[in-house]
Amino acid sequence: QVQLVESGGGLVQAGGSLRLSCAASGRTFRNYAMGWFRQAPGKERDFVVHISWSGSRTYYADSVKGRFTISRDNAKNTVYLQMNSLKPEDTAVYYCAASMERHGSTIPTSYNYWGQGTQVTVSS
């Protein structure tokens with residue numbers, strides 16, 4: 001069992017930055033690939049980025065490539081999402097998730113555990 005808790009969301013102006021954190025419980029964190037997804041009101045949950053269990057592989061959605069950076073610290077059981085050059089269309093609830101697929105996946109159903117989400121609002 002893995003429990004995930006996101007933090008770091010908030011309100012920011014367009015062009016600004018936020019850093020999200022996702023803290024995981026359990027000693028098996030390093031066995032999981034981690035992903036970030038987001039969901040805007042009335043829309044489906046969209047893939048943002050994932051990182052492999054070791055941190056050596058990452059994959060970004062085109063919409064965030066070059067602006068967002070994912071990283072993980074297995075010693076701290078934490079994954080981070082640094083978001084720069086934020087746009088109003090980045091406004092959503094952001095969720096972190098853990099997957100037994102060691103290199104990660106863009107598909108939500110590939111993830112075994114989910115956090116409760118953190119709201120990110122970007123004003124224009």
Side-chain angles (χ1 to χ4, degrees):
Q1 187 80 8
V2 176
Q3 292 184 327
L4 304 173
V5 179
E6 301 98 333
S7 62
L11 173 65
V12 64
Q13 289 187 332
S17 298
L18 282 174
R19 188 194 196 202
L20 305 184
S21 299
C22 174
S25 65
R27 291 178 288 180
T28 60
F29 174 74
R30 65 178 64 250
N31 292 340
Y32 292 85
M34 298 297 295
W36 286 95
F37 290 76
R38 64 188 182 185
Q39 188 166 18
K43 296 188 177 181
E44 294 184 349
R45 190 167 298 189
D46 290 334
F47 166 75
V48 176
V49 59
H50 66 68
I51 187 168
S52 62
W53 67 276
S54 67
S56 62
R57 295 189 185 187
T58 59
Y59 184 77
Y60 294 85
D62 288 343
S63 58
V64 306
K65 199 174 296 182
R67 300 187 299 122
F68 290 11
T69 303
I70 191 172
S71 60
R72 68 188 295 164
D73 186 339
N74 286 344
K76 295 183 178 180
N77 283 10
T78 303
V79 63
Y80 304 97
L81 182 64
Q82 177 67 42
M83 305 186 295
N84 299 329
S85 302
L86 282 161
K87 305 174 181 180
E89 50 264 44
D90 294 318
T91 295
V93 177
Y94 282 71
Y95 298 89
C96 71
S99 172
M100 287 296 291
E101 296 190 17
R102 302 187 85 187
H103 298 304
S105 171
T106 63
I107 305 171
T109 53
S110 297
Y111 290 79
N112 307 91
Y113 303 101
W114 291 84
Q116 82 290 347
T118 185
Q119 177 71 47
V120 171
T121 303
V122 184
S123 63
S124 57

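All values below come from the heavy atoms of this structure, side chains included, with hydrogens, waters and symmetry mates left out.
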For Y95, what are the other residues in its hydrophobic cluster, where any two members join if their side-chain heavy atoms are less than 4.5 angstrom apart?
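Noted: Y95 shares its cluster with F37, F47, Y59, V93, Y111, W114.
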Under 4.0 Å between a side-chain nitrogen and a carboxylate oxygen: does that hold for D62 and K65?
yes
Do [X] and [Y] come close enough that some side-chain heavy atom pair is under 4.5 Å?
X    : Y    : value
M83  : L20  : yes
E101 : H50  : no
R38  : V120 : no
F29  : T78  : no
F68  : L86  : yes

Give the intermediate values and the outcome of side chain to side chain contact (heavy atoms under 4.5 Å, CB included) for residues N112 and V2.
CA-CA 9 Å; N112 307 91; V2 176; over 6 Å; no
Is [X] linked to [Y] within one hydrophobic cluster, defined over Ile, Leu, Val, Met, Phe, Trp and Tyr using a side-chain heavy-atom separation of less than 4.5 Å?
X    : Y   : answer
V49  : Y80 : no
Y60  : W53 : no
M100 : L4  : yes

Other residues, nucleotides and ligands only: do more than 12 of their heavy atoms fall within 6.0 Å of CD on Q82?
yes
What pairs with S7 under side-chain contact (heavy atoms from CB on, under 4.5 Å), at least two apart in sequence or on another chain?
S21
List the steps, then state whether side chain to side chain contact (heavy atoms under 4.5 Å, CB included) holds for D90 with R67.
CA-CA 11 Å; D90 294 318; R67 300 187 299 122; 2.7 Å; yes
Could you tell me the separation between the CD atom of Q119 and the CD atom of E6, rounded to the nearest 0.5 Å?
12.0 Å
